[in-house]
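In what follows, a single structure is set out as structure tokens and then discussed.
Order of the sequence lines sets the chain letters (A, B, ...), proteins ahead of strands, with each chain counted from 1.
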2 protein chains.
Amino acid sequence: MPEHRSRRDAVRNREAVLAAADALFSRRERPEDVTMADVAAAAGVGKGTLFRAFGDRAGLLRALYEARLVPFREAVESGPRPLGPGTAPRERVLALLDAVLCFKLDNRPLALALEENGNGSPYRAEHYAWWHGLLRAVLEEMPGLAEPGFTAHALLAATRADLVEHLAGQEGLPRERLRAQLAEFTTRVISSAPR
Amino acid sequence: MPEHRSRRDAVRNREAVLAAADALFSRRERPEDVTMADVAAAAGVGKGTLFRAFGDRAGLLRALYEARLVPFREAVESGPRPLGPGTAPRERVLALLDAVLCFKLDNRPLALALEENGNGSPYRAEHYAWWHGLLRAVLEEMPGLAEPGFTAHALLAATRADLVEHLAGQEGLPRERLRAQLAEFTTRVISSAPR
DNA sequence: ATATAATCGGACCCGTGGTCCGTTTTCGAC
DNA sequence: GTCGAAAACGGACCACGGGTCCGATTATAT
């Protein structure tokens with residue numbers, strides 16, 4: 001028999017909070033004015049419960065982000081081409097960056113909230129480490145490409161949530177145009193050896 | 001004759017605040033725990049004065065940033081090669097990005113504080129618009145480079161303050177190596193036509 | 001049914017950006 | 001030099017959001 005599973009009300013409340021937060025961050029434009037108290041209220045739960053379940057605001061954001069990221073992780077780690085393994089490096093790099101971009105487009109407020117400094121730099125987040133490690137590994141398989149580590153950082157920087165928000169939101173650049181431009185940029189980066 | 005110059009004490013205090021803030025942001029590691037009250041105290045001034053002079057925290061940051069940026073603006077607008085006008089596009093793009101990187105390296109805490117979301121996205125800041133417009137203009141002179149606007153954004157994204165901080169600070173990458181890697185990346189971006 | 005331990009939840013605390021207004025300083029006019 | 005108005009000063013004060021605490025509540029084992 002298991003030591004102690006979580007209590008029913010605990011898991012129920014955790015779910016409720018995740019759902020409520022998900023909804024709130026999707027609806028509200030400005031992620032920074034979704035307050036913890038708002039989330040608690042929307043979930044029909046006290047602030048204490050909220051903080052016990054997720055530690056702090058960053059923890060809640062991380063939990064939400066990770067949850068939405070699951071399909072992408074699976075697609076990348078064991079899915080079909082072009083995102084999955086066993087794809088030629090060039091094609092996979094393009095697919096990865098496109099996936100990252102699409103993910104941020106589809107989760108704008110959440111990505112924005114999470115990348116916000118104040119939690120600590122986004123570069124310490126584990127999901128960033130994962131993406132960076134993956135991209136770096138694929139880049140390493142490409143001949144004639146020095147500094148795959150930096151290149152991975154630089155390419156990912158082109159998909160920063162606030163840049164995406166600026167281009168897609170403020171400037172109204174359509175999704176497809178943005179994807180095309182990123183693809184073109186990426187292609188240029190990986191298509192030639194310098195010097 | 002001009003109606004009313006600023007009063008002596010006003011300009012004196014403004015200077016004092018700028019100097020104090022400059023010192024504080026340079027010394028303290030974490031820009032976010034330099035508080036407005038700290039700045040006021042260090043300048044020997046009340047908070048009221050501070051806020052009347054700069055509006056809000058972002059205003060103070062902006063003023064400091066602009067002040068430190070002056071030499072670069074001059075070097076770019078009327079200085080000698082390779083930064084100044086009249087330089088071949090390829091070389092000037094490299095020089096511009098290197099200058100941006102060096103600037104952020106030399107003003108890490110300040111750049112970090114200013115790029116912090118919470119003030120509003122860094123992409124609305126006028127200094128960003130200036131850098132972007134300039135870089136874009138130079139890129140437009142290069143044949144075979146589609147989408148200079150996006151390219152400019154993407155290249156500048158590689159010099160984001162928090163990325164620089166991560167690489168130079170946490171990972172301890174030496175200045176020269178970082179500059180070399182950015183130069184290599186930039187070269188790759190501008191050296192080939194895709195497709 | 002009862003004991004026990006975990007969870008609940010909202011009152012509370014604290015730090016920070018930002019405001020307010022009585023007091024002080026500057027500066028032109030005489 | 002003196003005087004009065006207008007501007008600036010500065011620190012007490014406010015609002016608000018993240019995070020904590022602890023008495024009340026509720027799930028679970030026996």
Side-chain angles (χ1 to χ4, degrees), chain A residues 1-21 24-25 28-64 109-110 112-114 116-120, chain B residues 1-21 24-25 28-64 109-110 112-114 116-120:
Chain A
M1 44 226 51
E3 287 284 342
H4 258 316
R5 301 200 52 83
S6 293
R7 264 169 54 169
R8 290 261 153 82
D9 51 354
V11 301
R12 172 173 43 76
N13 281 337
R14 186 186 169 89
E15 302 279 317
V17 166
L18 279 173
L24 279 183
F25 280 110
R28 296 259 232 285
E29 308 298 306
R30 306 251 171 246
E32 67 265 27
D33 51 54
V34 173
T35 183
M36 291 290 117
D38 289 347
V39 175
V45 142
K47 284 178 66 180
T49 305
L50 178 49
F51 280 95
R52 198 168 331 97
F54 297 96
D56 58 6
R57 187 184 171 89
L60 173 59
L61 272 321
R62 248 177 286 134
L64 277 172
L110 189 54
L112 218 38
L114 194 64
E116 214 151 276
N117 303 16
N119 317 324
Chain B
M1 48 224 54
E3 283 288 343
H4 262 314
R5 301 194 47 83
S6 291
R7 261 171 53 169
R8 292 265 151 81
D9 52 353
V11 300
R12 172 172 44 77
N13 280 337
R14 186 185 169 89
E15 303 279 318
V17 166
L18 279 173
L24 278 183
F25 279 110
R28 295 257 234 283
E29 308 298 308
R30 307 250 170 248
E32 67 264 28
D33 51 53
V34 173
T35 181
M36 292 289 123
D38 288 347
V39 174
V45 143
K47 284 179 64 179
T49 305
L50 177 49
F51 279 94
R52 197 166 334 97
F54 297 96
D56 58 5
R57 186 184 171 87
L60 173 60
L61 272 321
R62 248 178 285 133
L64 277 172
L110 189 54
L112 218 39
L114 194 65
E116 213 151 275
N117 302 19
N119 318 322

Could you check how far [atom1] of [X] sits from [atom2] of [N], rounded to whole Å?
X	N	atom1	atom2	value
A/Leu50	D/dG19	CG	P	10 Å
A/Phe51	C/dA11	CZ	P	16 Å
B/Asp56	C/dT19	CG	P	8 Å
A/Glu116	D/dG17	CD	P	14 Å
B/Arg12	C/dT26	CZ	C1'	10 Å
B/Asp9	D/dC9	CG	C1'	8 Å
A/Leu61	D/dG18	CG	C1'	13 Å

Give the dot-bracket line for DNA chain D from 5' end to 3' end: parentheses for intra-strand Watson-Crick or G-U pairs under 3.5 Å, square brackets for crossings, | for inter-strand pairing, dots for unpaired. ||||||||||||||||||||||||||||||
Can you tell me which residue pairs pass the side-chain hydrogen bond (donor to acceptor under 3.5 Å, both in side chains) test with a partner in residues 43-64 of chain B, sequence neighbours excluded? none
Got a sec, which residues hit side-chain contact (heavy atoms from CB on, under 4.5 Å) with [X], two or more places apart in sequence or on another chain?
X	answer
A/Ala113	A/Phe25, A/Pro31, A/Leu61
A/Ala20	A/Ala42, A/Ala43
A/Glu15	none
A/Arg12	A/Asp9

By a strict heavy-atom criterion of less than 4.0 Å, which residues belonging to residues 30-38 of chain A are in contact with DNA chain C? none
What's the separation between atom CZ in B/Arg8 and atom CG in B/Asn13, rounded to the nearest 0.5 Å? 14.0 Å
CG of A/Leu24 to CG of A/Asp33, rounded to nearest 0.5 Å, is 10.5 Å
Please list, chain by chain and in numerical order, all residues satisfying side chain to side chain donor-acceptor pair (under 3.5 Å) with A/Arg28, sequence neighbours excluded. A/Asp38
Using the closest heavy atom to pick a nucleotide of DNA chain D for each, name whichever of A/Arg8 or A/Gly55 lands nearer the 5' end. A/Gly55
If I compare all heavy atoms of B/Phe54 with all of B/Leu60, which pair ends up nearest, and what's the gap? CB-N, 3.8 Å
Nearest to the side chain of B/Arg7, heavy atoms from C-beta on, is which of D/dA6, D/dG18, C/dG17? D/dA6
Strictly under 4.0 angstrom, non-hydrogen atoms only: write out the protein contact profile of nucleotides 10-15 of chain D, one letter per nucleotide from the 5' end, B, S or -. BB----
